[in-house]
2 protein chains.
Amino acid sequence: MTTQPLPLPDNAELLRLDHQVCFSLNAAARAFGGVYRDALKDLGLTYPQYLTMLVLWEECAPQPVKALGERLRLDSGTLSPLLKRLEAAGLVVRERSAEDERSVVVRLTRAGEELRERALPVPSLIATATGLSREEAHTLRALLEKLTGNLDTAHGGR
Amino acid sequence: MTTQPLPLPDNAELLRLDHQVCFSLNAAARAFGGVYRDALKDLGLTYPQYLTMLVLWEECAPQPVKALGERLRLDSGTLSPLLKRLEAAGLVVRERSAEDERSVVVRLTRAGEELRERALPVPSLIATATGLSREEAHTLRALLEKLTGNLDTAHGGR
DNA sequence: CTCCATTTAATTGCGCACAACTGAATCGTG
DNA sequence: CACGATTCAGTTGTGCGCAATTAAATGGAG
């Protein structure tokens with residue numbers, strides 16, 4: 001047995017550790033936001049708008065809002081106004097699906113497709129800014145995906 | 001040399017990888033938000049409010065808004081209204097510093113101190129929900145802090 | 001065919017994050 | 001001491017994130 005004068009190996013100690021697990025993650029996410037803000041300023045996109053465009057650039061076919069939401073982990077409460085802004089910027093059009101009148105499909109305009117060219121240099125800018133090696137990035141991503149999966153089931157699937 | 005028909009080991013490929021580095025981080029941060037939302041509902045705190053209270057619980061002495069902002073990486077534009085809500089909830093009081101009239105110091109009320117007891121079980125709830133081992137959590141935290149540091153310098157210190 | 005449950009977007013309301021700006025207090029230099 | 005630069009908190013405006021609700025379309029059971 002160890003000679004320990006410490007009176008709290010318990011919750012009170014955790015209340016400090018806690019300050020670092022979740023918090024460093026939050027800080028990193030916001031730091032990422034700052035760098036992307038700089039990189040995307042010229043394109044006139046915000047970071048979430050950029051992520052949305054990424055999905056659209058990947059899947060050339062028009063996407064229902066629902067599918068976009070699943071890909072981005074966002075609900076219509078967030079996506080509807082965001083897509084409206086992209087539409088106002090002339091990058092996408094939204095139109096009711098013919099087969100299912102409930103669904104709204106999002107399609108890139110010519111301008112939206114062309115913007116892809118100007119966005120090509122962005123990822124390498126960001127990759128440089130992270131200063132992580134390929135292996136570190138891979139480790140990080142694996143941990144984060146495990147974490148997200150665990151947290152999701154804890155929260156109730158959703 | 002390898003027989004590769006692949007025409008794009010370049011930026012176009014990165015545009016997909018990119019979708020995973022920043023994105024998994026964002027997703028994890030929001031997943032954390034969901035779990036904390038559940039855990040903090042009974043305390044009447046949001047996640048950022050909880051982080052603020054954590055700082056106040058750690059440093060018993062009254063904190064200037066500026067110091068809180070540095071600890072939390074938040075500016076007055078975010079903190080001012082947040083602290084107003086905490087004050088409205090009776091957890092803190094804000095008062096102009098006597099020595100420096102520009103500064104506003106934030107002090108816990110009795111209710112704010114007492115809330116700490118009810119918050120004690122939160123960290124272990126969260127730790128369980130993450131499903132990460134101690135080592136994984138440590139690795140993750142180290143990577144995130146390195147990442148944040150790198151991103152910050154890239155963004156311009158700020 | 002009718003009716004009810006489900007699916008799908010949109011809307012509302014609240015809070016956070018950040019840039020840009022305002023105004024007051026302080027500090028430093030001449 | 002005076003005056004200009006700096007520091008500090010607050011305010012405004014925009015956009016994201018999410019819960020809760022609404023409304024329309026669809027699908028299935030009777």
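Labels below follow one simple rule: chain letters A, B, ... track the order of the sequence lines, proteins then strands, and each chain is numbered from 1.
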Out of [options], which has the shortest distance to the side chain of [X]?
X	options	value
A:Ser103	D:dG17, C:dT8, C:dA17	C:dT8
A:Asp75	D:dA19, C:dA9, C:dC18	D:dA19
A:Arg102	C:dT8, C:dT11, D:dC8	C:dT8
A:Thr78	C:dG15, D:dA9, D:dC18	D:dC18
B:Arg37	D:dC18, D:dG10, C:dA9	D:dC18
A:Glu101	D:dA25, C:dA19, D:dG17	D:dA25
B:Asp100	D:dA9, C:dT26, C:dA10	C:dT26

Checklist entry - Does a nitrogen or oxygen in the side chain of A:Arg73 sit under 4.0 Å from OP1 or OP2 of D:dG17? => result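 So the side-chain polar atoms of A:Arg73 never come under 4.0 Å of the phosphate oxygens OP1 or OP2 of D:dG17.
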Next on the checklist: Is the phosphate of C:dG15 approached by B:Lys84 (side-chain N or O, under 4.0 Å from OP1 or OP2)?
Outcome noted: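 So the side chain of B:Lys84 is outside the cut-off, no N or O lying under 4.0 Å from OP1 or OP2 of C:dG15.
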Whole-Å distance between [N] [atom2] and [X] [atom1]?
X	N	atom1	atom2	result
B:Leu72	C:dC18	CG	P	12 Å
A:Glu99	C:dT7	CD	P	19 Å
A:Arg30	D:dG17	CZ	C1'	14 Å
B:Leu68	C:dA17	CG	P	13 Å
A:Leu83	D:dG15	CG	C1'	14 Å
B:Leu74	C:dC18	CG	P	7 Å
B:Leu79	D:dG10	CG	P	9 Å
A:Leu82	C:dA9	CG	P	15 Å

Next on the checklist: Please compare A:Ala98 and A:Pro48 by the position of their nearest nucleotide in DNA chain D and report the one closer to 5'.
Outcome noted: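 Result of the comparison: A:Pro48.
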Checklist entry - How do A:Gln49 and B:Ser76 order along DNA chain D: which one's closest nucleotide is nearer the 5' end? => result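 Its nearest nucleotide lies further toward 5', so the answer is B:Ser76.
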Has [X] got a side-chain atom pairing as donor or acceptor with [Y]'s backbone, closer than 3.5 angstrom?
X	Y	result
A:Thr109	A:Gly90	yes
A:Glu87	A:Arg94	yes
B:Asn150	A:Thr130	yes
A:Arg96	A:Arg102	yes

Checklist entry - If you look at every strand shown and take non-hydrogen atoms under 4.0 Å, does A:Thr46 touch a base, only sugar-phosphate, or nothing? => result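 The residue A:Thr46 makes sugar-phosphate contact but no base contact.
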Checklist entry - What does A:Pro64 touch in the nucleic acid at a heavy-atom separation under 4.0 angstrom: a base, only the sugar-phosphate, or nothing? => result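 It contacts sugar-phosphate atoms only.
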Next on the checklist: Under a 4.0 Å threshold between the charged nitrogen and the carboxylate oxygen, would B:Asp152 count as salt-bridged to B:Arg73?
Outcome noted: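 Yes.
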Next on the checklist: Under 3.5 Å, is there any donor-acceptor pair linking the side chain of A:Ser80 to the base of C:dA9?
Outcome noted: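 Counting by modelled atom types and ignoring angles, no donor-acceptor contact under 3.5 Å is found here.
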Checklist entry - Once the angle between the rings of B:Trp57 and B:Tyr50 is folded into 0 to 90°, is it parallel (under 30°), tilted (30 to 60°) or perpendicular (over 60°)? => result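 It falls in the perpendicular class, over 60°.
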